[in-house]
Amino acid sequence: MSSMSKFRKLAGISALALAGLTAASVVNADTWRYAHEEYEGDVQDVFAYKFKEYIEDHSDHELKIYRFGELGESSDIMEQTQAGILQFVNQSPGFTGALIPEAQIFFIPYLMPTDMDTVVEFFRKSEAINKMFPKLYADHGLKLLKMYPEGEMVVTADSPITKPADFDGKKIRVMTNPLLSATYEAFGATPTPLPWGEVYGALQTNMIQGQENPIFWIQSGGLYEVSPNLTFTHHGWFTTAMMANQDFYQGLSDKDKKLVQDASDYAFDKIVKHIDGLADKALAKIEKASDKVTVTDLNEEQMGAFKAKAPQVEKKFIEMTGDSGKKLLDQFKEDLKNVQSD
Ligand code: 6CS
């Protein structure tokens, strides 16, 4: 063979090999779909985009993100994920609690500390969060990847709330899980479960007289415009969870499983920085935008009257979840004790 034809043959082989490699990487380059419950720039959106950034920087995969409303309400995106139409979903326990009763643990009032660093440490280290919850989600075809806090819950209403009697006769919107209804019942209100899409309109038309949410959401969703009296009750954190369709996750290569886990860790680290100081910034924006807004920060004594209602909600949680919920609650409390004594 002449040296020229040898070269041609080699070039042919390498062209073939290259074509094969390209085909392999095209086959391995998937587009994954991820839906969450919030709007552009909100906490779940920042998390999703950090997750996407990591995935796309470290693989050939692409992530397509769908925000609130693009594919329906929170319950719709969960159904689509369970059906495998979506690969990833971010849904808050406020809604998942209807599917996984134990997820309602976040609605036992005054269980969580108020200090953000302690809360973040808890989410990082808690055995209940990182070991027990993944098993509960797995029973519903979901691979739990991360639980993370978004911000402390703040009540907004048509008049300031300083004591349980102030809730008398008020319909307060809650996310659609029965334990959160029990909490607001215990607080003296008439709980009204509604999906997110109906909240602003219901406040505007006085169908409901209040609701609870973290302050960034009260600002970004304009809730203060229609529900201007803000009360810091310090009774809990808005927690959320990001997960994958379990069959999809199980079908990934070990390399891609690690990629997804690392991307979740990366997004978590970014989000805890993002929420640091976010509430103060959002409150400042609200106060600048409206002179109708009042801010009430309950003192220890005022909080005491609401805290006194917590044991009855905790009892309800155990009634609703049985032995599994009791074990989770015991572990949750132990994990909290561990981070509080650090
Ligand atoms: O109140 C709600 O339904 C919504 N709140 C927040 C902070 N995120 C999404 C959720 O749907």
Side-chain angles (χ1 to χ4, degrees), residues 34-49 65-81 86 88-99 103-104 106-107 112 116 119 123 146-157 171-181 183-184 189 191-204 207-227 230-233 235-243 267 271-272 274-275 278-279 281-283 285-286:
Y34 178 132
H36 67 73
E37 304 170 310
E38 299 182 351
Y39 303 102
E40 185 176 356
D42 287 330
V43 176
Q44 290 183 22
D45 195 51
V46 173
F47 188 99
Y49 272 87
I65 295 173
Y66 299 89
R67 297 185 173 121
F68 177 81
E70 290 180 41
L71 298 175
E73 277 284 356
S74 184
S75 54
D76 299 313
I77 57 177
M78 175 54 90
E79 272 176 29
Q80 290 157 20
T81 306
L86 295 172
F88 298 97
V89 69
N90 193 136
Q91 191 190 53
S92 314
F95 297 106
T96 319
L99 180 74
Q104 299 175 107
F106 299 101
F107 303 103
M112 295 288 279
M116 196 182 113
V119 171
F123 277 92
K146 250 337 153 207
M147 279 186 157
Y148 61 95
E150 292 196 35
E152 224 189 300
M153 284 295 201
V154 175
V155 175
T156 72
K171 285 194 194 143
I172 301 295
R173 178 268 175 164
V174 290
M175 288 179 281
T176 53
N177 74 84
L179 198 75
L180 189 53
S181 285
T183 294
Y184 274 88
T192 308
L194 284 179
W196 165 248
E198 292 174 34
V199 180
Y200 190 98
L203 286 166
Q204 198 171 31
M207 303 258 291
I208 52 170
Q209 288 74 46
Q211 61 87 44
E212 62 160 27
N213 251 308
I215 200 89
F216 86 85
W217 186 255
I218 293 168
Q219 189 269 323
S220 79
L223 292 172
Y224 63 93
E225 298 160 356
V226 284
S227 191
L230 279 48
T231 303
F232 288 74
T233 45
H235 69 280
W237 282 72
F238 189 100
T239 294
T240 199
M242 198 279 267
M243 64 213 86
I271 214 64
V272 296
H274 177 78
I275 63 168
L278 183 64
K281 279 186 235 155
L283 183 58
K285 280 188 199 163
I286 291 174

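Both counts, for ligands and for their atoms, begin at 1 and track the order of listing.
Of the protein's heavy atoms, Phe95 CE1, 3.4 Å lies nearest to atom 11 (O) of ligand 1.
No side-chain donor-acceptor contact under 3.5 Å links Asp45 to the backbone of Asp42. The backbone N or O of Pro195 sits nowhere less than 3.5 Å from a side-chain atom of Glu198 that would complete a donor-acceptor pair. Under a 3.5 Å cut-off, the side chain of Gln44 and the backbone N or O of Glu37 do form a donor-acceptor pair. Side chain of Glu212 to main chain of Met153: no donor-acceptor pair is present (N/O by atom type, distance under 3.5 Å, no hydrogens or angles).
Using a non-hydrogen distance threshold of 4.0 Å, Phe68 does not register as a contact of ligand 1.
Scanning Asn213, Val43, Leu194 for the heavy atom closest to atom 7 (C) of ligand 1 points to Asn213. Of all the listed residues (Arg173, Glu212, Glu37, Glu198), Arg173 holds the heavy atom that lies closest to atom 2 (C) of ligand 1.
Looking at Glu150 and Phe47, their side chains never come closer than 4.5 Å, going by heavy atoms from C-beta outward. Within the 4.5 Å cutoff, the side chain of Thr240 has no heavy atoms near those of the Gln91 side chain.
With a 4.0 Å cut-off on non-hydrogen atoms, Gln211 does not touch ligand 1 at all. With a 4.0 Å heavy-atom cut-off, ligand 1 is reached by the side chain of Phe238 but not by its N, CA, C or O. With a heavy-atom cut-off of 4.0 Å, Met153 does not touch ligand 1 at all. Contacts between Pro214 and ligand 1 below 4.0 angstrom, taking non-hydrogen atoms only, involve the side chain exclusively.
Listed by number with element, the atoms of ligand 1 under 4.0 Å from a non-hydrogen atom of Glu38 are 6 (C), 7 (C), 8 (N), 9 (C).
Atom CH2 of residue Trp196 and atom CZ of residue Phe95 lie 9.0 Å apart, to the nearest 0.5 angstrom.
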